[in-house]
Amino acid sequence: MSSSAAAPSEFSNPNLEPLISSEQIQTRVAEMGAQVARDYRDTTPLLICVLKGALLFAGDLMRATDLRLGLEFMAISSYGASTRSSGEVKIVKDLDVPVEGRDILVVEDIVDTGITLSYLLANLRSRGARSVKLAALLDKWERREREVTIDYLGFKIPDAFVVGYGLDFAERYRNLPFIAVLKDPSK
Ligand code: IMP
Ligand code: MG
């Protein structure tokens with residue numbers, strides 16, 4: 001096989017319909033970070049990045065938050081290789097530290113039905129955190145089944161399956177620097 005053929009571009013894959021550009025994301029996340037820094041100026045919040053989808057958002061949000069803070073990770077079971085939620089929530093990786101008395105800011109990629117977040121926020125509150133708030137990059141509000149208060153929101157989006165900037169379809173497309181609608185999930 002020849003080694004000179006150019007690799008096919010993942011970022012300009014024809015199965016992707018760009019929805020939110022990298023520039024739009026960076027501008028909005030910078031505003032969100034500034035707001036978080038103002039709101040938490042008298043305390044030392046603990047950011048909880050929900051793996052894996054919120055990885056890029058958490059990285060950019062914390063860089064935009066000029067404040068002393070901590071970072072921890074949790075992993076929650078999600079869709080697997082399907083584009084619809086199973087409705088079951090499971091903690092796959094729990095926190096390594098106690099959150100009693102801490103001001104928690106959960107950092108999540110997207111709120112869809114709200115099933116995952118309503119479970120996770122209640123779970124963290126039950127552990128005695130002083131406050132629990134939510135920063136979500138995307139809100140697919142039309143599909144909500146459980147009420148979830150999003151304290152810091154990036155963008156409201158229509159009911160479509162999106163990928164990129166951390167969000168995946170069957171573990172693919174997390175590396176896109178922008179957010180796109182996946183046109184045909186079977187491809
Ligand atoms: P919910 O419990 O239905 O709110 O689902 C939340 C989780 O489903 C998110 O944290 C994502 O991991 C996943 N999810 C929901 N919608 C999308 C999407 O459009 N693209 C990729 N992942 C999604
Ligand atoms: Mg997620």
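Whatever order the structure lists them in is the order used to number ligands and atoms, beginning at 1. Numbering of residues begins at 1 and proceeds along the displayed sequence.
Checking only distances, V163 never comes within under 3.5 Å of ligand 1, N or O to N or O. Polar contact with ligand 1: absent for L117 (N/O pair, distance under 3.5 Å).
If you number the atoms of ligand 1 from 1 as listed, the ones under 4.0 Å from a heavy atom of K140 come out as 16 (N), 17 (C), 18 (C), 19 (O). The contact set between ligand 1 and A160, taken as ligand atoms under 4.0 Å from a residue heavy atom, comprises 19 (O). Those atoms of ligand 1 with a heavy atom of I115 less than 4.0 angstrom away are 2 (O), 4 (O). Those atoms of ligand 1 that come under 4.0 Å of a heavy atom in L167, given as number and element, are 20 (N), 21 (C), 22 (N). Atoms of ligand 1 lying under 4.0 Å from any heavy atom of D168, numbered from 1 in the order shown and given with element: 21 (C).
Heavy atoms from both the backbone and the side chain of T113 come within less than 4.0 Å of ligand 1. By the criterion of a heavy-atom distance under 4.0 Å, the side chain of E108, and not its backbone, is placed next to ligand 1. Contacts with ligand 1 closer than 4.0 Å are made by side-chain heavy atoms of D109 only, the backbone lying farther away.
Between K52 and D109 no salt bridge is recorded (no basic side-chain N to carboxylate O distance below 4.0 Å). Look at E171 and R174 and you find a salt bridge, because one of the NZ, NE, NH1 or NH2 atoms lies within 4.0 Å of a carboxylate O, short of that distance.
In this pair, F178 and F11 present their aromatic rings perpendicular. The plane angle is above 60°, beyond the 30 to 60° band. Using cut-offs of 30° and 60° on the angle between ring planes, the pair F161 and F169 is perpendicular.
Within the 3.5 Å criterion, the main-chain N or O of A160 finds a donor-acceptor partner in the side chain of K140. With hydrogens and angles disregarded, a donor-acceptor distance shorter than 3.5 Å links the side chain of S126 to the backbone of N123.
Of the listed residues (L16, I179, V162), just one forms a side chain to side chain contact (heavy atoms under 4.5 Å, CB included) with Y173, and that residue is L16.
The residue from I179, L182, T116 that puts a heavy atom closest to atom 2 (O) of ligand 1 is T116.
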Check the pair L95, L124 against side chain to side chain contact (heavy atoms under 4.5 Å, CB included), reporting the backbone distance first and the verdict last. CA-CA 10 Å; L95 292 170; L124 291 169; 3.9 Å; yes
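Using a non-hydrogen distance threshold of 4.0 Å, G53 does not register as a contact of ligand 1.
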